[in-house]
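Accompanying notes for the structure given below.
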Amino acid sequence: MTLVHNWHLGRRMEYPYFESRPKRQFAAVFNINRCIACQTCTMACKSAWTYNKGQEYMWWNNVETKPYGGYPQSWDVKTLKLIDNGENTWYTDEKDEKLSPYGVYEGDTIFEAAAKKNINQWAVGYIPEDKEWRAPNFGEDVAKSNKPDEYSSLPEHSRWFFYIQRLCNHCTYPGCLAACPRKAIYKRKEDGIVLIDQKRCRGYRKCVEQCPYKKPMYRGLTRVSEKCIACYPRIEGRDPLTKGRPMETRCMAACVGQIRLQGFLDDNPKNPVTWLIKHDKLALPLYPQFGTEPNIYYIPPRWAPRSYLRQMFGPGVDEAIEKFMVPSRERLAVLSLFRMTQTIIFEYKIEEGPKVFETTIHGKKFELYNDTVIGLGEDGQEVVRTTVEEPVYIRDPKHYNSI
Ligand code: SF4
Ligand code: SF4
């Protein structure tokens with residue numbers, strides 16, 4: 001093992017390979033508050049990549065109901081148990097903007113737990129049995145509730161559930177890549193996408209075992225494993241629709257609830273994905289304590305119990321929800337870019353418009369401006385433009401509204 005820096009954990013951690021970050025990292029922000037669990041994203045992926053023989057049980061993209069749902073069944077609870085040493089604590093007194101923005105996590109990662117247990121594996125894990133992959137929508141809309149006569153209200157609903165949308169996280173320190181003894185899994189330098197080399201894979205299923213998110217899946221027909229490929233031909237601009245420009249993946253582009261924005265995590269503070277994750281800290285990683293530095297980031301649901309959310313997304317939850325509930329002018333403009341185009345946005349700029357509304361909400365003043373937000377492509381050319389507020393059109397009176 002070597003020591004690498006994991007900024008989610010705010011510390012160095014053990015990993016089999018040296019730290020080597022891609023030029024820019026495939027990443028996305030999912031606004032859980034907007035998801036309707038329509039599973040359109042799920043079918044967008046299914047109908048493109050996993051519709052064939054031997055893939056019947058595979059759902060690279062899935063949307064599950066928390067707290068009880070999960071695909072494969074109970075994947076999160078089973079993996080969390082493997083790293084539980086009774087001292088899985090976050091320390092948030094001292095933070096560093098770059099190195100430890102959420103504080104420092106002092107529990108064991110999947111890699112460290114394996115080293116401590118001396119199990120002669122790179123990471124702790126388990127291979128789900130065939131029956132655990134059944135029922136991909138297990139626990140749909142099942143709420144947590146203790147009393148029969150309770151009512152739900154903010155800040156924390158007493159009867160609650162929410163949806164979590166999952167795909168491969170294209171982790172910075174992937175458990176799957178570490179696990180493969182044949183080095184058949186690699187992380188691309190140009191965009192951080194993690195792929196299983198289908199020619200080299202021998203179906204050892206070490207990746208299935210040691211990915212804490214359970215995203216590599218074994219294909220009985222080919223006798224090798226497969227996983228989400230981040231629709232890399234689209235990312236490379238090979239779909240004619242965007243005329244050579246990098247295009248968002250199928251699952252992102254299909255999102256009905258406008259919850260998803262995909263792009264790259266880079267050093268540009270005006271990149272909307274980078275801004276939401278690193279600068280505004282509105283979007284947080286899923287189970288950072290696993291230690292893989294996942295790259296799908298979530299805006300946590302404002303109604304769910306904070307203790308549950310903190311164990312899921314780390315200690316940044318409270319600040320993120322507070323910011324989301326009464327969004328700043330810039331935040332609202334950036335959120336307005338979600339699902340306005342399939343072309344990947346590399347930078348945003350805002351043209352200021354008039355104030356259209358103001359009120360006091362959740363104890364704070366909120367002002368709404370009808371700003372225009374513009375998305376620029378890789379070459380700096382404008383690829384999308386939208387306004388924060390819907391325009392109103394008044395037609396000739398010969399057209400009726402009440403018909
Ligand atoms: S989510 Fe799993 S399969 Fe995807 S890169 Fe991370 S460890 Fe590998
Ligand atoms: S398409 Fe969007 S809104 Fe529908 S389930 Fe997927 S993430 Fe949620």
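Numbering of ligands and ligand atoms starts at 1, following listing order. Residue numbers count from 1 along this sequence.
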- prompt: Between atom 6 (Fe) of ligand 1 and Cys171, is there an N, O or S atom separated by less than 2.8 Å?
  reply: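 A backbone or side-chain N, O or S atom of Cys171 is under 2.8 Å from atom 6 (Fe) of ligand 1.
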
Please tell me whether [X] and [Y] form a close aromatic pair, meaning their ring centres lie under 6.0 Å apart.
X: Phe313; Y: His8; answer: no
X: Phe161; Y: Tyr68; answer: no
X: Tyr15; Y: Trp122; answer: no

- request: Give the contacting part of Lys227 toward ligand 1: side chain, backbone, both or neither, where contact means a heavy-atom distance below 4.0 Å.
  value: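 It is the side chain that touches ligand 1; the backbone stays farther off.
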
Report the nearest protein non-hydrogen atom to [atom]: residue, atom name, distance rounded to 0.1 Å.
atom: atom 8 (Fe) of ligand 2; result: Cys35 SG, 2.4 Å
atom: atom 4 (Fe) of ligand 1; result: Cys168 SG, 2.3 Å
atom: atom 7 (S) of ligand 1; result: Gly175 N, 3.3 Å

- request: Would you mind telling me if ligand 2 is within reach of the side chain of Val256, the backbone, both or neither, using heavy atoms under 4.0 Å?
  value: backbone

query: Heavy atom under 4.0 Å from ligand 2: found in Ala37's side chain, backbone, both, or neither?
result: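 The answer is the backbone.
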
As an exercise, identify every atom of ligand 1 less than 4.0 angstrom from a heavy atom of [X].
X: Pro216; value: 3 (S)
X: Asn169; value: 1 (S), 4 (Fe)
X: Tyr213; value: 1 (S)

- prompt: Taking only heavy atoms of Gln39, which atoms of ligand 2 are found under 4.0 Å from at least one of them?
  reply: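 Those atoms are 4 (Fe), 5 (S).
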
- prompt: In this structure, which one of Tyr57, Trp133, Phe138 forms a ring-ring contact (aromatic ring centres under 6.0 Å, His included) with Tyr71?
  reply: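 Testing each of Tyr57, Trp133, Phe138 against Tyr71, the sole residue satisfying ring-ring contact (aromatic ring centres under 6.0 Å, His included) is Trp133.
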
message: Could you walk me through whether Gln55 and Leu221 satisfy the side chain to side chain contact (heavy atoms under 4.5 Å, CB included) test, starting with their C-alpha distance in whole Å, then the side-chain angles of each, then the deciding distance to 0.1 Å, before giving a yes or no?
response: CA-CA 8 Å; Gln55 301 174 304; Leu221 186 86; over 6 Å; no

- request: Nearest heavy atom to atom 2 (Fe) of ligand 1 wins, so pick from Cys211, Ala178, Pro212.
  value: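 Closest candidate by heavy-atom distance is Cys211.
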
- request: Tell me yes or no: between the side chains of Asp266 and Asn268, is some donor less than 3.5 Å from an acceptor?
  value: no

